[in-house]
Protein chains: 2
Amino acid sequence: MATIYEVAKLAGVSVSTVSRVLNGRSTVNQQLKAKVDNAISLLSYSPNSVARSLASSRSNSVGILVSEINSHFFCNMLTAVELTLRQANKHSIITVGHNDLEQEQEGVDFLIGRNCDALILHVEALTDDMLRKVNRDNTPIALINRVVPGMEEACISLDNELGGYLGTRHLIESGHTKIAYIAGPTSKVDANQRLAGHKRALKEAGLKIDQNLFYQGNYLESDGVDGLTELLKDNKEFTALVCANDWMASGAITCARDMGLDLPKDLSIIGYDNDLLAHLLYPQLTTLHNPIYDMGEMAAKYILNTVYKESNPIKNLFGPELITRNSVSPLP
Amino acid sequence: MATIYEVAKLAGVSVSTVSRVLNGRSTVNQQLKAKVDNAISLLSYSPNSVARSLASSRSNSVGILVSEINSHFFCNMLTAVELTLRQANKHSIITVGHNDLEQEQEGVDFLIGRNCDALILHVEALTDDMLRKVNRDNTPIALINRVVPGMEEACISLDNELGGYLGTRHLIESGHTKIAYIAGPTSKVDANQRLAGHKRALKEAGLKIDQNLFYQGNYLESDGVDGLTELLKDNKEFTALVCANDWMASGAITCARDMGLDLPKDLSIIGYDNDLLAHLLYPQLTTLHNPIYDMGEMAAKYILNTVYKESNPIKNLFGPELITRNSVSPLP
DNA sequence: AATTATTAAGAAAGCGCTTTCTTAAATGTG
DNA sequence: CACATTTAAGAAAGCGCTTTCTTAATAATT
């Protein structure tokens, strides 16, 4: 790899001049600029961004840390973030934290050590204090799916409670009154919010909350199977089932079919997230759209605003939207 | 952020000594080491990897460039690569090329400029020559799903032809003789290989290749719908359908159901890739497993061997495996 | 024409580390 | 005890850039 010195030598100018044409800042004489450009292409020179970054303490790249990378959900988010940043000529450095405190911590350190101009995080293990500290220490942060007190304007999140409410209300409006629920893990804020919305809808309709119609799941497909199996025991009565995410709904659908139920006539099912799989299921799943793509885009735009002087309008709270397909049937 | 100087000052030693304990190379006096360790934790010092990388021209990170990041396929691969590297204490810098020559080129330059010790690439636009050049220029490369003459040992690929053969042979063994085919784009090597395998199986069984039973698709779900619609026109006779990937098979299944066909009795369908969606479809899809996770892991191991002196056994060619589910029914 | 203000380009310092070179101390040898 | 050999720690150079500081040349002002 050629260095800036070789370019300067070949062009017969100083390195400062080369640096200037490289960065297009101060005006450089046209002829000199031409010479430099020529030398650059002759040597097929490409500046070393590590050196650049060290010297300028900027890097034109933002660090992205996600919990996992093995689901469509995160891919969707990453695609949006990467694309938005790329369009602004910024690079993405993507790292994975596996929901583990140590790994998330290490990931953040790595990204900061790499001179990232900012971070976009989707993390669970790091505490609010840690996040606030990083933010104070001169590395701007955007947070997805999390609200940290004191840095609200940097948080892009989803109104999970509203989604929970809308889903259950849809069932109620379709005539259902006996509604079972398979919940997500209590350790996750979003799962609790979704459940809270469900309860609000029941309450509003004057329906009682029946602990017999509740199953504690963990967001996995198998929890849908186990949950519905459990709920169907003892001939409990219900005509509709709310699952806190689409994967559990998928498991429930498989289970219901295996039990010989005719969907959606015998049982209406509703999911959450509008994952890619929702429209592949049979019957196609009615669910709540989780606009994670848009949220990723928004987080990127927030960073472009704070670090790179753009001025995009920012929206911090996103609303889920009911997507009606074929897994809910009205009760007469 | 504290620097190595502050650590040295606080510990009362020279920066060289701090650097030595940091890198654990030459022996350092126990007492001094203790002092340094103490100073490090007192200042919660974390070395700047940009500076480190510039000084040592190593970075302990490998660059990963993939075509896209919005599919389960790539996520799977990335997960494997990231995990394998992480376990060896190496970091991953992930970038996306969007199958565009300029973007792929830029991505490679970015990663090299970031002093990546090596690259793992899943690219289509970059030419063989370009890849060989990068490889010669001192940046070791591993290639996934591509074979570049002259650097075979760095290429991890799938025997697509074999998969094509196995799928069609499975149908033939189940008694089918009239088999339609929805192909992937001719611009993709893997698509052509899959088709070649299909033809070999037909030939071997003495069946003729019928152009009427062929549809040219593009790997999209909608191509499955369009393809089957087209094939069903004019009452063409066939009892089985091979799709060059699972997404097209998914489209075909939806289409078949919409046309009132009873699957798999009226039509056997087989896919390719064993994408996550395969087991969600109804009927669950018989398909060929594409071991992309294992391939990603292998590519990472190859890099660990060449750059970081490990010595894992390397396998360059992976074989697909038939996964039988419920979308193929035997003909009497 | 003499002075000041502006501009363009070079010189050099510095970003935060690693690593080679040097020096001083500790150890071994006859 | 004088000398050679090994070892541990510090000094300093350098990685490839950016950016501030200088200086020289040009333009503007009175």
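Numbers restart at 1 for each chain; the letters A, B, ... are given by sequence-line order, proteins then strands.
- When each of B/Ala2 and A/Leu32 is assigned the nucleotide of DNA chain C with its nearest heavy atom, A/Leu32 is the one assigned upstream, toward the 5' end.
- Each of B/Val28 and B/Ala55 was assigned the nucleotide of DNA chain D with the nearest heavy atom; the assignment lying further toward the 5' end belongs to B/Val28.
- The existence of a salt bridge linking A/Asp37 and A/Lys33 is confirmed by a sub-4.0 Å separation between a basic side-chain nitrogen and an acidic carboxylate oxygen.
- Summarising the geometry of B/Val81 relative to B/Gly296, their closest heavy-atom pair is CG2-O, 3.4 Å, with the distance given to 0.1 Å.
- Each salt bridge (Lys or Arg N to Asp or Glu O under 4.0 Å) pair with one or both residues in residues 67-94 of chain B, not counting sequence neighbours, appears once here: A/Glu106-B/Arg86, B/Glu82-B/Arg86.
- Using a 4.0 Å cut-off on heavy atoms, the residues of residues 42-54 of chain B that approach DNA chain C are B/Tyr45, B/Pro47, B/Asn48, B/Ala51, B/Arg52, listed by number.
- Side chains of B/His72 and A/Leu276 form no contact here, defined as non-hydrogen atoms less than 4.5 Å apart.
- A/Ser14 and A/Thr17 form a side-chain donor-acceptor contact under 3.5 Å, judged by distance and modelled atom types alone.
- Here A/Pro47 pairs with A/Leu22, A/Tyr45, A/Arg52 under the side-chain contact (heavy atoms from CB on, under 4.5 Å) rule; sequence neighbours left out.
- Chain B approaches DNA chain D over the interval D/dA8 to D/dG16, counting the first and last nucleotide 5' to 3' with an atom under 4.0 Å from its heavy atoms.
- Between the side chains of A/Asn115 and A/Ser53, at least one donor-acceptor pair of N or O atoms lies under 3.5 Å.
- With respect to B/Ser67, the side-chain hydrogen bond (donor to acceptor under 3.5 Å, both in side chains) criterion is satisfied by exactly one of B/Asp100, B/Asn145, B/Asn99: B/Asn99.
- Remark: B/Ser16, B/Thr17, B/Arg20 in residues 16-23 of chain B come within less than 4.0 Å of DNA chain D through at least one heavy atom.
- No more than 12 heavy atoms of other residues, nucleotides or ligands sit less than 6.0 Å from atom CG of A/Asn138.
- For the side-chain hydrogen bond (donor to acceptor under 3.5 Å, both in side chains) condition, the pairs that include at least one residue of residues 146-155 of chain B, sequence neighbours left out, are B/Asp128-B/Arg146.
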